[in-house]
Amino acid sequence: MITTTARVTAPEARPRRLTSTLLWAAQILLAMFFLLAAAGSKLVGDHSSVHEFGLIGAGEWFRYFVGTVELAGAIGLLTPWFAGPAAAGLAADMAGATIVNATVLHNTTYGPNVWLTAVLCAVFVLVAYGRRQQINGLAAAIRRVKNASPGREDSDANGVGDGSGP
C-alpha cells in the first residue's frame, strides 16, 4: 500500500491565512461591539435595555443573564481555543433575539432590531463555520475527559460485555 503525505505549499496556504486573518478581524470587531454596546448596556442597566427587557416581560434576571452570556461570548471570541464555540453560542443568542424581536417586540420601537439581530446571527454562523475545527477539537477534548473519568468502568475491560457488541 502506498500512502502519500499532503504538503501545504505557499500558494495553498495563502487562502487559509487570509481566511484566518479575516475571521480574526471580524471576531475582534464583534467582540468590541458586544463588550461595549450589547453586554455592557445590559449589565450596567442602561435605561434603554431596562425598558426593552421590561417589554419582553421576563424580568431583570433575564437581562443580566443575556448580558452575561454576551460578555462571555465576547471574551471567548478573543480567545483562540474558544472562538468557535463562542461564535456558535452568540449565533444562538442572536437567533433568540431575532425571534423575540419578531414576535414579542414587533410593535415597539425595538421591533426593527430584528434585521440587526438576524444579520449578526448570520455573521456568527459564518464565524463558527470558519472555526469549526476548534469546535470539533473542543468536543473531542471533552469526550476524552469524559471517557477517562476515574469512576467510569469499562465493561469490556474485564471481559464482560453488555451484549451490544460482537
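- Listed for the Ser41 side chain is a donor-acceptor partner under 3.5 Å among the backbone atoms of Ala37.
- Val69 and Phe62 fall within a single hydrophobic cluster, where Ile, Leu, Val, Met, Phe, Trp and Tyr are joined by side-chain heavy atoms under 4.5 Å apart, directly or via other members.
- The minimum heavy-atom distance linking Ala74 with Ala31 is given by the pair O-CB, 3.5 Å.
- In summary, of the residues considered (Asp93, Leu71, Val100), a side chain to side chain contact (heavy atoms under 4.5 Å, CB included) with Val66 occurs for Asp93 alone.
- Residues Tyr64 and Leu36 are members of one and the same hydrophobic cluster, defined by side-chain heavy-atom contacts under 4.5 angstrom among Ile, Leu, Val, Met, Phe, Trp and Tyr.
- Sequence neighbours left out, not one pair with a member in residues 119-143 passes salt bridge (charged side-chain N to carboxylate O under 4.0 Å, His left out).
- Between the OH atom of Tyr110 and the OG atom of Ser49 there is a distance of 7.5 Å, given to the nearest 0.5 Å.
- Qualifying side chain to side chain contact (heavy atoms under 4.5 Å, CB included) partners for Leu116, counting only residues two or more places apart in sequence or in other chains: Leu120.
- Between the NE2 atom in His51 and the CD1 atom in Ile56 there is a gap of 11.0 Å [rounded to 0.5 Å].
- Arg16 CZ to Leu18 CG: the interatomic distance, rounded to the nearest 0.5 Å, is 12.5 Å.
- Here Phe82 pairs with nothing under the ring-ring contact (aromatic ring centres under 6.0 Å, His included) rule; sequence neighbours left out.
- Screening residues 60-89 for salt bridge (charged side-chain N to carboxylate O under 4.0 Å, His left out), with sequence neighbours left out, gives Lys42-Glu70, Glu60-Arg63.
- The minimum heavy-atom distance between Ala128 and Ala88, with the atom names listed, is CB-N, 3.8 Å.
- Closest approach of Gly67 and Ala39 over heavy atoms only: O-CB, 3.5 Å.
- Closest approach of Val127 and Ala87 over heavy atoms only: CG1-CB, 3.6 Å.
- Using a 4.5 Å cut-off between side-chain heavy atoms of Ile, Leu, Val, Met, Phe, Trp and Tyr, with links allowed through other members, Ile135 and Trp81 fall into different hydrophobic clusters.
- Put simply, the side chain of Glu52 reaches to within 4.5 Å of the side chain of Leu105, judged on heavy atoms.
- Taking both residues in full, the closest heavy atoms of Thr117 and Ala97 are given as CG2-CB, 3.8 Å, listed atom of the first, atom of the second, then distance.
- Rounded to the nearest 0.5 angstrom, Asn101 CG and Asn113 CG are separated by 5.5 Å.
- Once rounded to the nearest 0.5 Å, the distance linking CD1 of Ile28 with CG of Leu35 reads 11.5 Å.
- Judged as a ring-ring contact (aromatic ring centres under 6.0 Å, His included), the pairs with a partner in residues 15-50 (not counting sequence neighbours) are, in order, Phe34-Phe124.
- In terms of the ring-ring contact (aromatic ring centres under 6.0 Å, His included) criterion, Phe65 has no residue partners (sequence neighbours excluded).
- Residues Leu55 and Trp61 fall within the same hydrophobic cluster, defined by Ile, Leu, Val, Met, Phe, Trp and Tyr side chains chained together at heavy-atom separations under 4.5 Å.
- The shortest non-hydrogen separation linking Pro80 to Gln134 is O-NE2, 2.6 Å.
- Atoms CG and CG, on Leu23 and Leu77 in that order, are 10.5 Å from each other to the nearest 0.5 Å.
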